[in-house]
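Only one structure is covered here, and it is reproduced in the block below.
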Amino acid sequence: MSETDSGFIAALEEATQGAAEGGVPIGACLVSKDGKIIGRGHNMRVQNGSATLHAEISALENSGRLPASAYAGSTMYTTLSPCDMCTGACILYKVSRVVIGEHKNFVGGEEYLKQRGVEVVVLESEECKRLMARFIKEKPCVWNEDIGEE
């Protein structure tokens, strides 16, 4: 796994789009076991006034209604470590691997994913770190709301 994988590139594009829209700059992309993008999305909590539309949930939503077999062996690329809700969604849909852009700004359910047999890869992307650090500095109240702190 690397920052040149198409799934990671798509997730980063989504994060950048979310930032441009004034939202939380987190993107995600779900890729099937045969390397095809199933769905991609970005955090839309601010834009849609949603309580739950995190990037991974957005990617799943944009995948449409699929049979459980469509998720078998899939990889969720996300620019930031997934929160408990998104971790649970990955486990529910039996995602096999989660590739994380960075986990310096936030560490979510990585250990739980591993305990449930999901492969976790952290890329330590400097671009993802900068994008999130800037957002957290500029909009701390929105960030705290997004992670359930305030």
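Between Ile100 and Leu123, the closest side-chain pair of non-hydrogen atoms is not below 4.5 Å. In this structure, the side chains of Met132 and Pro25 come closer than 4.5 Å at one or more pairs of heavy atoms. The side-chain heavy atoms of Arg40 and Asn62, taken from C-beta on, include no pair separated by under 4.5 Å.
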Steps toward side chain to side chain donor-acceptor pair (under 3.5 Å) verdict (Glu56, Thr78): CA-CA 7 Å; Glu56 298 87 343; Thr78 180; 2.7 Å; yes
Residue pair Ile38, Leu66: steps toward the side-chain contact (heavy atoms from CB on, under 4.5 Å) verdict: CA-CA 10 Å; Ile38 299 172; Leu66 299 171; 3.4 Å; yes
Test log, rule side-chain contact (heavy atoms from CB on, under 4.5 Å), inputs Leu131 and Thr79: CA-CA 10 Å; Leu131 192 61; Thr79 58; 5.9 Å; no
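Side chain of Ser74 to main chain of Ala70: no donor-acceptor pair is present (N/O by atom type, distance under 3.5 Å, no hydrogens or angles). With hydrogens and angles disregarded, a donor-acceptor distance shorter than 3.5 Å links the side chain of Asn144 to the backbone of Pro140. Remark: side-chain polar atoms of Ser58 are not paired, donor with acceptor, to backbone N or O of His54 under 3.5 angstrom.
Taking hydrophobic clusters as Ile, Leu, Val, Met, Phe, Trp and Tyr residues chained together by side-chain heavy-atom distances below 4.5 Å, Met76 does not share a cluster with Val99. Clustering ILVMFWY residues whenever any of their side-chain heavy atoms sit less than 4.5 angstrom apart, transitively, puts Ile136 in the very cluster that holds Ile26. Residue Leu30 is not grouped with residue Val121 when hydrophobic side chains (ILVMFWY) are merged at heavy-atom distances under 4.5 angstrom, including chains of intermediate members. The hydrophobic cluster containing Tyr93 does not contain Met85, counting ILVMFWY residues as joined when their side-chain heavy atoms lie under 4.5 angstrom apart, directly or transitively. The hydrophobic clustering, which links ILVMFWY residues whose side-chain heavy atoms are closer than 4.5 Å, places Leu80 and Phe135 together.
Counting heavy-atom neighbours within 6.0 Å of Phe106 CZ, excluding the residue itself, gives a total above 12.
Looking at every heavy atom in both residues, Ile37 comes nearest to Ala10 through CD1-CB, 4.1 Å. The shortest non-hydrogen separation linking Gly109 to Ser81 is N-OG, 4.5 Å. The nearest pair of heavy atoms linking Val118 to Val95 is CG2-O, 3.5 Å. Nearest heavy-atom pair, Phe8 versus Tyr77, reported as atom, atom and distance to 0.1 Å: N-CD2, 3.4 Å. The shortest non-hydrogen separation linking Trp143 to Asn105 is CZ2-O, 4.3 Å. Taking both residues in full, the closest heavy atoms of Gly7 and Val31 are given as CA-CG2, 3.9 Å, listed atom of the first, atom of the second, then distance.
For Glu21, there are no salt bridge (charged side-chain N to carboxylate O under 4.0 Å, His left out) partners two or more places apart in sequence or in a different chain.
Ion pairing between Lys104 and Glu124 fails under the 4.0 Å rule for side-chain N and carboxylate O. A salt bridge links Glu145 to Arg45: one of the charged nitrogens lies within less than 4.0 Å of a carboxylate oxygen. A salt bridge links Glu126 to Lys129: one of the charged nitrogens lies within less than 4.0 Å of a carboxylate oxygen.
Summarising the geometry, atom CZ belonging to Arg97 is positioned 3.5 Å from atom OG1 belonging to Thr75; distances are rounded to the nearest 0.5 Å. One distance of note links OG of Ser6 with CD of Glu13; it measures 10.0 Å at 0.5 Å rounding. Separation of atoms CZ (Arg65) and CG (Leu60) is listed at 15.0 Å; rounding is to 0.5 Å. Taking OG from Ser50 and CD from Glu61, the interatomic distance works out to 10.0 Å, rounded to the nearest 0.5 Å. Atom CG of Leu53 is separated from atom CG of Asn48 by 5.5 Å, given to the nearest 0.5 angstrom. Here CD of Glu14 is found 13.0 Å from CD1 of Ile9. Values are rounded to the nearest 0.5 Å.
Between Tyr112 and the options Lys114, Glu110, Arg116, a side-chain hydrogen bond (donor to acceptor under 3.5 Å, both in side chains) holds for only Arg116.
A donor atom on one side chain and an acceptor atom on the other are not found under 3.5 Å apart for Glu102 and Ser125.
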